[in-house]
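Here the structure comes first, spelled out in structure tokens, and everything after it is commentary.
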Amino acid sequence: MIKKAVIPAAGSGTRFLPLTKAQPKEMLPIVDSPTIQYVIEEALQAQINDLLIITGRSKRAIEDHFDRSFELEQQLKEKGDLKLLERIQQIANLTNIHYIRQKEQKGLGDAISYAEQHVYQEPFAVLLGDSVISAEESCIGQLIKLYQRFGASILAVEEVPPDKVHRYGIIKGQKIADDLYLLEDLIEKPKPNEAPSNLAIAGRYIFTPNIFEFLKKTPKGKGDEIQLTDAIKLMAKKHAFYAFKFKGKRYDIGNKLEFLKTNIEFALDRADFRDEILKFLQETLDKHQKAVENRQ
Ligand code: G1P
């Protein structure tokens, strides 16, 4: 059983500036909840209830979000908004969350190494905060099932077009079953002509604890940072490590355009917004169409 998950949330969010100048990127909203809440809910769905968030400077809003807020609860009680009160209390009661701070921003690999004492000698899950995944069975749950079958580390991948490989860690794998690969090589953010495939790491992993041994040996890589992908590359030379093309849809919140599209898609899924959003989209499209016709 996988009982522990690590959620790195220490990165500075430069890809989202200026919005992330004074607020954590993990608090960017998807409709009315911060992205990190969706990620935590995915872990809980897979029966993981011991969470460690790796934070850093200027990330206090994350801790406040998952804490009680007695003043706010009191205000909602006085206003009689019991539905919202219940939702706010639910967030604080989601689960036990532990926090540790990454002292310096030395990369994702370095951030994960802060989890060593907490996870100790158990296998554990890692969920990256900038990927929100909607799936019938949670993506991390799909990986856990495969971990139980093979007893080896595994990560989730998805196919991406060639012009997007430079955004992700790309794997080279030997196909051993439908959607399942044995890792042979990995490259973090390759140029399109260097990419060994179109299978991108999707921000979900299950690790056996010997990943820490390899993280310690990993030199600085892309962007002068200690890359998790490079540690996995070292580990895959010594231990079986699998990649699974998960079933579901991944939303890349680390990218501004994808973030905007995600908000529209999630709003369309909500009964309270669907009709109004559809009407707005239709009207906006018509207006643009007319403007194009007038220019011709
Ligand atoms: C990280 C990983 C990369 C992975 C990506 C998924 O990159 O290093 O391998 O494909 O997350 O979102 P980052 O987005 O932190 O630059």
Side-chain angles (χ1 to χ4, degrees), residues 6-17 20 24-26 28 30 35-36 38-39 42 53-56 59 102 105-115 125-134 139-140 143 153-173 181 183 185-192 194-207 211 214-215 218-236 241-246 248-259 261-262:
V6 176
I7 300 172
S12 56
T14 42
R15 270 176 276 176
F16 246 99
L17 282 168
T20 44
K25 62 175 176 185
E26 295 75 15
L28 287 176
I30 302 178
T35 54
I36 194 163
Y38 292 87
V39 175
E42 181 185 333
I53 302 185
I54 320 279
T55 65
K59 299 282 183 169
Q102 185 188 22
Q105 286 191 357
K106 292 204 266 181
L108 179 61
D110 178 66
I112 298 298
S113 58
Y114 279 77
V126 169
L127 297 92
L128 302 190
D130 51 15
S131 297
V132 168
I133 297 180
S134 73
C139 178
I140 204 72
L143 294 188
S153 300
I154 181 159
L155 53 82
V157 287
E158 66 168 353
E159 284 182 35
V160 295
D163 63 328
K164 294 211 171 112
V165 291
H166 69 279
R167 288 188 193 166
Y168 304 110
I170 304 293
I171 69 140
K172 179 178 175 212
Y181 302 81
L183 282 186
D185 198 9
L186 305 93
I187 308 183
E188 181 66 12
K189 304 194 174 70
K191 295 196 182 97
E194 292 168 346
S197 75
N198 66 339
L199 293 172
I201 302 173
R204 299 291 184 271
Y205 315 75
I206 303 288
F207 288 111
I211 185 64
F214 295 96
L215 279 168
T218 303
K220 283 183 181 171
K222 199 99 197 174
D224 211 23
E225 294 190 334
I226 297 169
Q227 295 292 346
L228 181 59
T229 304
D230 293 343
I232 298 172
K233 182 183 168 128
L234 290 179
M235 186 166 162
F241 203 126
Y242 296 93
F244 179 60
K245 206 154 66 156
F246 70 96
K249 179 163 180 193
R250 171 174 178 271
Y251 298 86
D252 185 355
I253 312 301
N255 173 280
K256 289 180 186 175
L257 181 63
E258 298 300 323
F259 168 74
K261 289 185 194 168
T262 303

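First listed ligand is number 1; within each ligand, the first listed atom is number 1.
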Check: Phe16 ring centre within less than 6.0 Å of Phe259 ring centre: yes

Exercise: identify the closest heavy-atom pair between Tyr205 and Leu228: CZ-CD2, 3.7 Å

So for Thr229, does at least one of its heavy atoms come nearer than 4.0 angstrom to any atom of ligand 1? yes

On a heavy-atom basis, which atom in Gln102 and which in Asp110 lie closest, and how many Å separate them? NE2-OD2, 2.8 Å

I need the contact type for Arg15 against ligand 1. Using non-hydrogen atoms and a strict under-4.0 Å cut-off, is it side chain, backbone, both or neither? side chain

How far apart are the closest heavy atoms of Leu215 and Gly109, and which atoms are they? CD2-O, 3.4 Å

Among all the protein's non-hydrogen atoms, which is closest to atom 11 (O) of ligand 1, and how far away is it? Leu128 CD1, 3.2 Å

Could you tell me whether Leu108 and ligand 1 have an N or O pair separated by under 3.5 Å? no

Where on Glu188 is there a heavy atom closer than 4.0 Å to ligand 1, on the side chain, on the backbone, on both, or on neither? side chain

For ligand 1, indicate whether the residue Asp130 contacts it via side chain, backbone, both or neither (heavy-atom separation under 4.0 Å). side chain

Could you list the atoms of ligand 1 found under 4.0 angstrom from a heavy atom of Ser131? 12 (O)

Please report the shortest heavy-atom distance between Glu26 and Ala10, naming the atom on each side. OE2-N, 4.4 Å

Tell me whether Ser153 contacts the main-chain N or O of Phe241 through its side chain, where contact means a donor paired with an acceptor under 3.5 Å. no

Partner of Arg250 under salt bridge (Lys or Arg N to Asp or Glu O under 4.0 Å), picked from Glu159, Glu258, Glu158, Glu42, is Glu158

Closer than 4.0 angstrom: is that true for some heavy atom of Ala200 and an atom of ligand 1? no

Identify the protein heavy atom lying closest to atom 12 (O) of ligand 1, giving its residue, its atom name and the separation to 0.1 Å. Arg250 NH2, 2.8 Å

Lys189 near ligand 1, heavy-atom distance under 4.0 Å? yes

Heavy atom of the protein closest to atom 4 (C) of ligand 1 (residue, atom name, distance): Ile201 O, 3.5 Å

Select one of side chain, backbone, both or neither to describe which atoms of Glu158 lie under 4.0 Å from any atom of ligand 1, heavy atoms only. neither

Which heavy atom in Ile36 sits nearest to a heavy atom in Ala9, and how many Å separate them? CD1-CB, 4.4 Å

